[in-house]
Structure formats: C-alpha cells, structure tokens
Q: 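Got a structure for you, questions after.
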2 protein chains.
Amino acid sequence: MKATAAHETTAAHLPGLCSLAPVEHQDFIRQILDRVGDKWSLFVIGALQDGQLRYTDLQRAVPGISQRMLTLTLRQLQQDGLITRTAYAEVPPRVEYALTRLGTSLLTIVHSLIGWAAAHHDEIREHRYGADV
Amino acid sequence: MKATAAHETTAAHLPGLCSLAPVEHQDFIRQILDRVGDKWSLFVIGALQDGQLRYTDLQRAVPGISQRMLTLTLRQLQQDGLITRTAYAEVPPRVEYALTRLGTSLLTIVHSLIGWAAAHHDEIREHRYGADV
DNA sequence: CAGGATCCGCCACGATACTG
DNA sequence: CAGTATCGTGGCGGATCCTG
C-alpha cells in the first residue's frame, strides 16, 4: 500500500533475495533450484556425462535410486530439455538416454559445485562435528 | 571410455554416479546437495551477499520465508560455517548475520548457477510448456 | 527390458501462538 | 526484536506388483 514511501528503499521494489536476480525471475529461479535440489536429477546427469546410457545402466549407475524415481527424474529432465530419450523399436526394447547440449552446460556448473564441495569438504565437516580441531 | 570392458563389470566398486566424484565422497556430496537444494538456504545466502543483515531484515529480504524456516536455515548455515551470527546484548536485542569466507566462496558457485538459469531461461521454458513456439 | 500403477510412511515446511 | 514450541499437512520418495 501507500506508494508514497518512495525514499524508503526497503523491500518494496528492492532486490530482496533478488540480490541474486531480478524479481521477475524469482519463481523461475525457484523452479531451477527445485530441480537442482531434486534428490536424484544431478546424479542422473552426472551418470550421463560420459555418454549415453540405457535405463538399467542408469539404475546401476545411480545406486539407491528406485525405478519410480528414475523414471520420474528422467521425464523431468527430458521435459526441461536437459536429456534426450531415444527408444529403439526392437525386442527386447532398448532406450538410450543422453545429455543434450543444454544438459552438458548444466553439468559444467554442477562440476564446479561438486568441486567446491570436495575442496571445502573438511572445512565444513569441522564446523559441523565440533569446531575444535 | 569403457573401452577395455574388463570382465569385472563396472557396477560393484565402480564410480557409479561417481562419475561425479570418488565413491568415498558420495554421501558427503549428497549432504551438500541437500543443503544447496534446501528451499531457502541459497536465498538466504544471496540476501547476505551485500553485507550483514539482521533477523527481520532477512525476513523481508527473503519474501515468503516463515520464521521457523528462517531460524532453521540460519542455524544450519551457521553450523556449516557458511555464515556467522553475532548477537549484541542490547535492548531491544540485535543480531547480525553475515557470510563467512566459506559462504562467500559458495556464493560464487551459486551465481554461476543463477547465471546459467537466467541464460537458459527461455530455452527451458520452451521445452517445458510446449516446444512449439 | 523399460516402464506404469498403487499404496503408504515420513518429514520438510507453513501457520499460529507464545516468550525473554 | 529475535527467536521458541507445537500442531497439521502435502507431497516426495520408497516398496511392491503389474504390463507391453
């Protein structure tokens, strides 16, 4: 309400969390973050970094993932254009999944994140489990 | 890559998702990912990028976050050594939160992720909501 | 082999009320 | 102002069974 609070730069049109991004992109950022935060998507992407894999290969490549989650994750990733799905009309059926260019570009980011995690691994652990070393 | 196709099939001690990282780090990666994937932590970190903020400032800076979630997120981030909490024994009470060096380094990664999201914003949207534009 | 369909437990998260 | 305590819920994700 009241527009007049112009000189008050506070929250109104202010970056907000938006220090990160323009307000218009916020919910989109949220979506991307949700996807990235998905329990499995990054692992699936990681599993595909060396080339295409079949469904069962992925199951083995990502230990602990359930069929349901694998299927769902794959669908989401495909829908976002991060991976491709190629089904061959053979018997037994064969389906290959592979990263798209977009997916590969995301992988780059993921790598730096993993790299960061690995680099500060110990540092964080220290903080978590007793900072006294 | 898998060229040699050793008799020992890959799965057992194999990289697994580990294309991403050594097996020993897997659960740690998971933890980091969980934190990054947190609904709010990245936004809180982003809000702090321009300097320290107080509790209520953060509430306004991160629209939609509840007190409960803000408190929990802050605690986690602090425990991981990503932010610092400084309480002043005044009345009314005042508490300042700020990024640590570690937190700032993570912010860099986050920025590239946000940057990626912004850059491929349209591309992903196309894929999601009907690829026909 | 590559998935669909279904049931269900768990806990992350939100809303609300209270406090030092 | 800066939290804590408590309750309720959605939906994420696991397990299991079924199919083309």
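From a predicted model like this one, the values you see are computed outputs, not experimental measurements. Chain identifiers are assigned alphabetically (A, B, ...) following the order of the sequence lines, protein sequences preceding nucleic acid strands; residue numbering begins at 1 within each chain.
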Q: Send over the distance from Met69(B) CE to dT16(C) C1', rounded to a whole Å.
A: 14 Å

Q: Any chance you could measure Leu74(B), atom CG, to Leu77(B), atom CG, to the nearest 0.5 Å?
A: 6.5 Å

Q: Going by number, which of residues 85-93 of chain A have a non-hydrogen atom under 4.0 Å from DNA chain C?
A: Arg85(A), Pro92(A), Pro93(A)

Q: Applying salt bridge (Lys or Arg N to Asp or Glu O under 4.0 Å), can you list everything that pairs with Arg35(A), at least two apart in sequence or on another chain?
A: Asp80(A)

Q: Please tabulate, one pair per line, each protein N/O and nucleotide N/O from nucleotides 6-8 of chain C that are separated by under 3.5 Å, including the distance.
A:
none

Q: Pick the closest DNA chain C nucleotide for Leu74(A) and for Ile65(B) by heavy atoms, then say which residue is nearer the 5' end.
A: Leu74(A)

Q: Would you list the pairs meeting salt bridge (Lys or Arg N to Asp or Glu O under 4.0 Å) in which at least one residue belongs to residues 61-70 of chain A, sequence neighbours left out?
A: none

Q: Taking salt bridge (Lys or Arg N to Asp or Glu O under 4.0 Å) as the test, write out the residues that go with Asp122(B), two or more places apart.
A: none

Q: So how far off straight is the helix from dC1(C)-dG20(D) to dG20(C)-dC1(D), going by the axes through five pairs at either end, to 10°?
A: 50°

Q: Run the salt bridge (Lys or Arg N to Asp or Glu O under 4.0 Å) test against Arg85(B) and tell me which residues pass, sequence neighbours left out.
A: none

Q: Rounded to whole angstroms, how far apart are CG on Leu70(A) and C1' on dC1(C)?
A: 13 Å

Q: Taking CZ from Arg94(A) and P from dG3(C), how many angstroms apart are they, rounded to a whole number?
A: 13 Å

Q: Report yes if the side chains of Thr108(B) and Trp116(A) come closer than 4.5 Å at any heavy-atom pair, otherwise no.
A: no

Q: I'd like to check Ser41(A) versus Val44(A) (side-chain heavy atoms, cut-off strictly below 4.5 Å). Are they in contact?
A: no

Q: Salt bridge check: are Arg128(B) and Glu126(B) linked by an N-O gap of less than 4.0 Å?
A: no

Q: Residues in side-chain hydrogen bond (donor to acceptor under 3.5 Å, both in side chains) with Gln59(A), at least two apart?
A: none

Q: Find out whether Phe28(B) and His121(A) are in side-chain contact, i.e. whether some heavy atom of one side chain is under 4.5 Å from a heavy atom of the other.
A: yes

Q: Leu72(A) CG to dG4(C) C1': how many Å, rounded?
A: 10 Å

Q: Which residues within residues 52-59 of chain B lie with some heavy atom under 4.0 Å of an atom in DNA chain D?
A: Arg54(B), Tyr55(B), Thr56(B)

Q: To the nearest 0.5 Å, what is the distance between NZ on Lys39(B) and CG on Leu42(B)?
A: 13.5 Å

Q: Please round to the nearest 0.5 Å and tell me the distance separating atom CH2 of Trp40(B) and atom CG of Leu70(B).
A: 10.0 Å

Q: Give a yes-or-no answer on whether the side chains of Thr71(A) and Tyr55(A) include a donor-acceptor pair shorter than 3.5 Å.
A: yes

Q: List the residues meeting salt bridge (Lys or Arg N to Asp or Glu O under 4.0 Å) with Asp57(A), not counting sequence neighbours, and say none if there are none.
A: Arg60(A)

Q: Grab the NZ-P distance between Lys39(A) and dA12(C) for me, whole Å please.
A: 11 Å

Q: Let me know the distance between CG of Asp34(B) and P of dC10(C), rounded to the nearest Å.
A: 19 Å

Q: From Leu82(A) CG over to Ser105(A) OG, what is the distance, rounded to the nearest 0.5 angstrom?
A: 8.0 Å

Q: Can you tell me which residue pairs pass the salt bridge (Lys or Arg N to Asp or Glu O under 4.0 Å) test with a partner in residues 101-110 of chain B, sequence neighbours excluded?
A: Glu123(A)-Arg101(B)

Q: Go through DNA chain D in 5' to 3' direction and return only the first and the last nucleotide with some atom under 4.0 Å of chain A's heavy atoms.
A: dG13(D) to dG20(D)

